[in-house]
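Reviewing the structure listed below.
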Amino acid sequence: MTTSFKRLVKALNKQNLSVTKANSVYQIAKKGKNSVSSVQILLPEHFDLDGKALKQLMSFAEAYHPNGGAVKAVRATPDFHAGSLVPVGAVLSTTKDFIIPQAIGTDIHCGMRLHVADIDIALWQEKKPLLVEKLRGDLLLGSRDLPMAISSFAALFQNGLLGWIDEIKKHPMGDLQTADFNQLENELESIFEYGSLQGSCKWAPESHTADKRNRIRDASLATIGGGNHFVEFQYLEDIADNKQAFAWGLRKGQLSVMIHTGSRALGLHVGNYWSDKAKRAWPNGKKFPEAGIFPLYGELANDYFSAMNTAANYANLNRLLLAEIVRRRIREVFGANIEMPLVYDAPHNIVTQESDCYVHRKGATPAHAGQPVLIPGSMGHPSYLMMGLGNQAFLCSASHGAGRAKPRHEMFRLNRDGKDIGLGCIDCITLKEDRRIEEAPGAYKDINAVVDVQIQNGIVSPVAKLAPLLTFKG
DNA sequence: ATGTGC
């Protein structure tokens, strides 16, 4: 549901909300008392503000816990749209004793990873059939059973990739025995927080603790997953900032590999468990929150934080392993000397501790000063590598993509009616024909407008433009 | 997004 601004103002007034608009920023406030300090939404000029998404956002802005703690500020990125409960593209800062598990949901530490490779695009096109043939068996898997030692899982859960690398050297698994661990270790510095968050084995769900045969049943490590997740080959089409591009190892004309996935089944379990737990832990006799949003306060908030980090560490390894699989195939096809260095790996679905706040980012990516920011378009539109500018007023956050413009069912309807949904020149490899339709370029908003408004508002600055060549979808 | 659902 969308409305024009005038109708929006009217509609909001009825809900006792006031709205003002300065340039591209909507400022929403609750009339009267107890309003949160600030709710702002950044939108390109010709974008409509989605009423459902706004309603969801305001519910989170008003979240409270009877024992204390509070939401301090709320922002929405230009790819903002409604989700099932939480709007996608939402950033919340809260006091450090207050976390809302539902504000992150189940796709914990979902994020983007970008590698580049010095491979001539004409050569890549020539060898593409061979590469695809090899990668089909690697990437089009819904599940897999990696032979990873329990001790490696434990190290990963507790200490993330730093712990995992130490352990995996002692207990190599399958194909990874041939991985270049020095390179993997060096690349940790190009991962958000070194891919190493403070988690704990005690929060691993039952599916990820040793069974009677002393094995861990894990079916989703090194898999892409569904929905908008992908592994994509791209062409580095244009550079906007030569100095920064050079510093990050980028060159015009390079091949790039972009990976979008998260913590899969593990994040689902942790997210569901803690969203439930927050409800169960609601103080006796206190009125349930109307919007069904249950924050955690105090010790439980800390416990959630380490459980969430446990799943986040898994997501970090998931992206690393997918990249490693692609790197191995690239070397088989184009030569063992191809490095395919990591540019950056960052989450867009996570709670972080920043100064005296918890910052919840749901479909929003950190954009601290100097930090690489990855903003994917769609399989028919370019993706952008940006640099964060550390815009405090916008909670140091940028959009995590173009944003979905049309719901899935509408894409199927348009396709049935023979409408152009942008799949004309798309090279998408998937076992699910439905996926191509749901994820068609026509389902997404205008990435250039989304990126430009963030540049104009001092959130990010452009570094490089990446054009899609071939997308693998789960 | 996703444990797959009766």
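Chain identifiers are assigned alphabetically (A, B, ...) following the order of the sequence lines, protein sequences preceding nucleic acid strands; residue numbering begins at 1 within each chain.
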Expressed in angstrom and rounded to an integer, what is the separation of [X] atom [atom1] from [N] atom [atom2]?
X        : N     : atom1 : atom2 : result
A/Leu268 : B/dG5 : CG    : P     : 13 Å
A/His269 : B/dT2 : NE2   : P     : 13 Å
A/Tyr273 : B/dG3 : OH    : P     : 20 Å
A/Arg217 : B/dT4 : CZ    : P     : 11 Å
A/Glu439 : B/dT2 : CD    : C1'   : 14 Å

Can a cation-pi geometry be assigned to A/Lys277 and A/Trp274, taking NZ or CZ under 6.0 Å from the six-membered ring centre and within 45° of the ring axis? yes

Base, sugar-phosphate alone, or nothing: which one does A/Gly225 contact when heavy atoms must sit under 4.0 Å apart? sugar-phosphate

Relative to the ring of A/Phe192, is the ring of A/His109 parallel (under 30°), tilted (30 to 60°) or perpendicular (over 60°)? tilted

A/Asp138 with A/Arg329: basic N within carboxylate O range, under 4.0 Å: yes

Salt bridge present between A/Arg319 and A/Glu324 (N-O < 4.0 angstrom):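 No, no charged N to carboxylate O under 4.0 Å.
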
Any side-chain N or O of A/His229 less than 4.0 Å from the OP1 or OP2 oxygen of B/dT2?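 Affirmative; the distance criterion is met.
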
